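Since the structure comes first, as structure tokens, the remarks are kept for the end.
For reference, positions follow the sequence shown, starting with 1. Nothing here was measured: the structure is a model prediction, and the numbers come from that model.
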Amino acid sequence: MPSSVKDLLAAATSSVPGISPQDAKALIERGQVLVVDVRDGLELQSTGKVQGAKHVSRGMLEFKADPDSPYYDNAFDREKTVIVYCASGGRSALAGKTLQDMGYKDVRNLGGFKGWAESGGAVEKV
């Protein structure tokens, strides 16, 4: 049965718990966290990214997160908490659901980058 974007987003949002910027900061400070920015490169160039975040465009996520892929990035570890974000939270919800489907157990959706920056979260230039 075909799904709409609305259906996919609803399923992803109900599956991937959100995380506030404050709670994300606390997890990042403790370590064992991978923060993933799934926005496009041009978005990062204009706004920067969460300090220390790994940029993986949404279209490459599955390839970078799969240890059997030739494009695998060893920053991805199924034992780590993974925090994903994008511009407004939609792509990161879908990305989080995909990571869950790939066996990542603790995935959280930070939502939009703007909320992180406005909360005083550390930002680095790209």
Side-chain angles (χ1 to χ4, degrees):
M1 172 153 97
S3 290
S4 66
V5 170
K6 183 179 177 181
D7 294 337
L8 293 171
L9 282 170
T13 301
S14 69
S15 179
V16 181
I19 186 169
S20 70
Q22 294 75 22
D23 289 343
K25 288 175 200 171
L27 277 177
I28 291 167
E29 287 173 6
R30 282 185 263 171
Q32 286 303 98
V33 174
L34 172 63
V35 181
V36 181
D37 186 320
V38 296
R39 297 177 298 158
D40 294 329
L42 291 176
E43 292 173 286
L44 271 73
Q45 290 175 359
S46 67
T47 63
K49 65 179 181 136
V50 170
Q51 187 172 9
K54 173 68 81 174
H55 173 241
V56 178
S57 64
R58 178 65 192 93
M60 286 298 295
L61 182 67
E62 293 86 346
F63 299 99
K64 295 285 189 173
D66 183 352
D68 294 329
S69 166
Y71 300 102
Y72 176 65
D73 184 325
N74 64 7
F76 283 86
D77 179 344
R78 289 184 172 103
E79 301 306 311
K80 289 182 179 178
T81 297
V82 180
I83 299 172
V84 290
Y85 72 92
C86 62
S88 63
R91 286 175 288 178
S92 55
L94 294 171
K97 178 69 168 96
T98 296
L99 290 171
Q100 286 177 336
D101 291 347
M102 294 178 73
Y104 288 80
K105 295 169 190 66
D106 188 7
V107 183
R108 321 270 180 99
N109 184 2
L110 181 60
F113 175 77
K114 184 177 178 182
W116 172 264
E118 288 177 351
S119 76
V123 174
E124 67 182 68
K125 299 273 187 204
V126 176

Taking C-beta and beyond as the side chain, do [X] and [Y] meet within less than 4.5 Å on heavy atoms?
X    : Y    : value
R58  : T98  : yes
P67  : R78  : yes
V56  : Y71  : no
R108 : V33  : no
L44  : F113 : no

Same hydrophobic cluster for [X] and [Y], using side-chain heavy-atom links shorter than 4.5 Å among ILVMFWY?
X    : Y   : value
L110 : L27 : yes
V82  : V35 : no
F63  : L94 : no
Y104 : I83 : no
L34  : I28 : no

Intermediate values then yes/no, side chain to side chain contact (heavy atoms under 4.5 Å, CB included), R39 and T47: CA-CA 11 Å; R39 297 177 298 158; T47 63; 2.8 Å; yes
Within a radius of less than 6.0 Å around NZ of K114, do more than 12 heavy atoms belonging to other residues, nucleotides or ligands occur?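 No, the 6.0 Å shell around NZ holds no more than 12 heavy atoms from other groups.
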Find the distance between CD (E43) and SG (C86) and round it off to the nearest 0.5 Å.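 Interatomic distance, E43 CD to C86 SG, rounded to 0.5 Å: 8.0 Å.
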Would you compute the distance between atom CG of D106 and atom CD of Q32 and round it to the nearest 0.5 angstrom?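 Answer for the CG-CD pair, D106 versus Q32, is 11.5 Å.
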What are the two closest heavy atoms between [X] and [Y], and how far apart are they?
X    : Y    : value
D23  : S20  : N-OG, 3.0 Å
G96  : V16  : C-CG2, 3.4 Å
L9   : G90  : CD2-O, 3.5 Å
A87  : R91  : CB-NH2, 3.6 Å
A75  : K80  : O-NZ, 3.7 Å
A117 : V123 : CB-CG2, 4.2 Å

For a side chain to side chain contact (heavy atoms under 4.5 Å, CB included) check, start with the C-alpha distance between V126 and H55, then their side-chain angles and the critical distance, and finish with the verdict. CA-CA 10 Å; V126 176; H55 173 241; over 6 Å; no
Flag, side chain of [X] to backbone of [Y], donor-acceptor distance under 3.5 Å:
X   : Y   : value
D77 : E79 : yes
S15 : A11 : no
S92 : G89 : yes

Do Y72 and D66 have a side chain donor and acceptor closer than 3.5 Å?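 No, because no side-chain N or O of Y72 sits under 3.5 Å from a partner of the opposite role on D66.
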Applying side chain to side chain contact (heavy atoms under 4.5 Å, CB included), run through V107 and M102 and close with a yes or a no. CA-CA 11 Å; V107 183; M102 294 178 73; over 6 Å; no
W116 six-ring face occupied by K25 cation (under 6.0 Å, within 45°):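 Verdict for W116: a cation-pi partner in K25.
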Under the criterion side chain to side chain contact (heavy atoms under 4.5 Å, CB included), I'd like the reasoning laid out for D37 against V50: C-alpha separation, chi angles, the key distance, then a yes or no. CA-CA 8 Å; D37 186 320; V50 170; over 6 Å; no
